[in-house]
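Presented below is the structure to which this report refers.
Treat the numbers as computed from the prediction; the structure is a model and nothing was measured.
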Amino acid sequence: MESRVATSAASPLAVLRPGSLTAYWRFQRAVAKAQLRAWLPAGRRLLIDISGPAASGPAQAAASGHTVVRVVPVHPGAQAGQHAPPLGRIAPVVAEPGGLAFLADGCADGVIAEDGALSRQLMAEDLAAEIARVLRPGGTVLASVDSLVLGMAILAEQHHWAHLTDLPHAEVVLIPWPDGTITRCFGPAQLYDLLTEAGLEVMSIRPRTVLSPSTVDHVLGQQPGAMARLVRAELQAAQDPVGVSAGEAFGIRLVATARKPPAG
């Protein structure tokens with residue numbers, strides 16, 4: 001989504017442009033990798049990745065010793081459920097992005113749904129239910145979604161003032177992008193409801209990053225070698241208790257972790 005919208009430097013959507021805030025995007029990618037590393041289960045597990053073809057999570061998880069079934073979108077000439085030859089510990093599977101019907105109940109130790117996988121599915125409830133189905137009892141999911149902050153900024157940039165006024169009262173928030181695509185945005189409470197109604201226990205919901213783009217850009221502009229220190233500061237801030245309603249006022253992405261309740 002980074003290149004979809006042309007904005008002014010003062011716009012909340014400025015962080016979506018790869019040019020002016022390159023340092024912030026490097027920081028966000030570093031934080032995402034650190035968050036995935038902290039989430040990964042111990043030992044060697046079977047993980048399902050539905051984050052999309054551009055995600056780096058499968059390679060990181062495989063490098064940690066896990067076997068990753070990577071679901072990639074159907075392309076012309078491919079058949080849903082078609083298995084490609086395993087590449088190391090990563091097994092690509094061509095399937096519909098929102099469908100996990102080819103997987104057995106309780107087969108996975110974890111599901112990675114990064115890069116807005118749930119936001120790309122307008123009926124996110126169906127995908128959340130499928131995630132819960134394929135997880136074994138005690139299995140966990142790591143998911144990131146587009147936030148209401150991002151949705152409000154996109155509507156404002158397009159001067160959809162009437163829609164912006166109604167947004168706080170909407171149960172489902174669908175955001176049209178200038179390129180014609182539509183994504184679904186979530187507030188923390190909406191994301192909590194989505195996961196709990198699928199039968200999952202929410203462990204945490206917070207913004208991808210607490211540090212602002214301007215702060216990160218300024219620090220790295222002055223101290224290019226400060227990336228590791230900034231990431232540590234971000235992870236430390238994430239350890240502070242955060243309620244379900246937190247993060248409403250900042251963050252273009254929300255990150256959630258949840259688990260399937262243990263049997264019995």
Side-chain angles (χ1 to χ4, degrees), residues 1-40 49 51-66 68 70 88 90 112-117 119 142-154 156-157 177-179 183 185 188 204-242 246-257:
M1 295 182 187
E2 289 85 346
S3 61
R4 286 180 178 171
V5 182
T7 66
S8 67
S11 166
L13 291 179
V15 296
L16 295 181
R17 297 187 304 169
S20 61
L21 291 174
T22 301
Y24 176 73
W25 280 113
R26 288 194 293 113
F27 168 71
Q28 181 165 267
R29 287 193 293 269
V31 170
K33 289 182 178 180
Q35 290 169 337
L36 176 59
R37 184 165 55 248
W39 170 85
L40 286 172
D49 181 273
S51 306
S56 61
Q60 183 179 347
S64 297
H66 302 290
V68 184
R70 182 176 193 175
I90 301 176
I112 305 172
E114 278 276 24
D115 288 4
S119 286
L142 173 69
S144 67
V145 298
D146 294 351
S147 73
L148 285 182
V149 173
L150 176 61
M152 293 172 68
I154 295 170
E157 288 288 333
W177 289 77
D179 65 3
T183 59
C185 293
S204 68
I205 296 177
R206 61 186 70 254
R208 167 72 79 196
T209 59
V210 175
L211 299 178
S212 69
S214 58
T215 298
V216 172
D217 204 46
H218 174 75
V219 171
L220 293 180
Q222 298 293 321
Q223 305 175 52
M227 178 67 77
R229 188 165 71 250
L230 280 174
V231 172
R232 287 195 299 270
E234 180 65 52
L235 296 181
Q236 181 62 43
Q239 294 177 5
D240 297 332
V242 175
E248 292 279 11
F250 58 93
I252 63 172
R253 301 281 187 269
L254 294 178
V255 179
T257 57

Minimum-distance pair of heavy atoms, taken over all atoms of [X] and [Y]:
{"X": "Tyr24", "Y": "Leu211", "result": "CE1-O, 4.2 Å"}
{"X": "Val231", "Y": "Ala34", "result": "CG1-CB, 4.0 Å"}
{"X": "Ile205", "Y": "Ala256", "result": "CG1-CB, 3.9 Å"}

Subject >> Evaluation steps, side-chain contact (heavy atoms from CB on, under 4.5 Å), between Glu234 and Val216 >> reply: CA-CA 11 Å; Glu234 180 65 52; Val216 172; over 6 Å; no
Using only atom types and a distance under 3.5 Å, with no angle test, would you say the side chain of [X] pairs donor to acceptor with the backbone of [Y]?
{"X": "Arg70", "Y": "Ser51", "value": "no"}
{"X": "Ser144", "Y": "Asp115", "value": "yes"}
{"X": "Gln28", "Y": "Thr209", "value": "no"}

Subject >> Reported CD1-to-CG distance for the pair Ile112 and Leu40, which is rounded to 0.5 angstrom >> reply: 6.0 Å
**OP:** Kindly compute the distance separating CD (Gln35) from CZ (Arg208), expressed to the nearest 0.5 Å.
**Re:** 5.0 Å
Subject >> Counterpart residues, side-chain contact (heavy atoms from CB on, under 4.5 Å), relative to Thr257 (two or more places apart) >> reply: Trp39, Leu142, Met203, Ser204
Output side-chain donor-acceptor pairs under 3.5 Å for residues 221-230, partner residues at least two apart or in another chain, one line each.
from	atom 1	to	atom 2	distance (Å)
Gln223	OE1	Arg229	NH2	2.7

Side chain to side chain donor-acceptor pair (under 3.5 Å) against [X], all qualifying residues, sequence neighbours excluded:
{"X": "Ser64", "value": "none"}
{"X": "Thr215", "value": "Ser212"}
{"X": "Gln60", "value": "none"}

Original post:
Would you call Glu114 and Arg253 a salt bridge, using N to O less than 4.0 angstrom?
Top reply: no
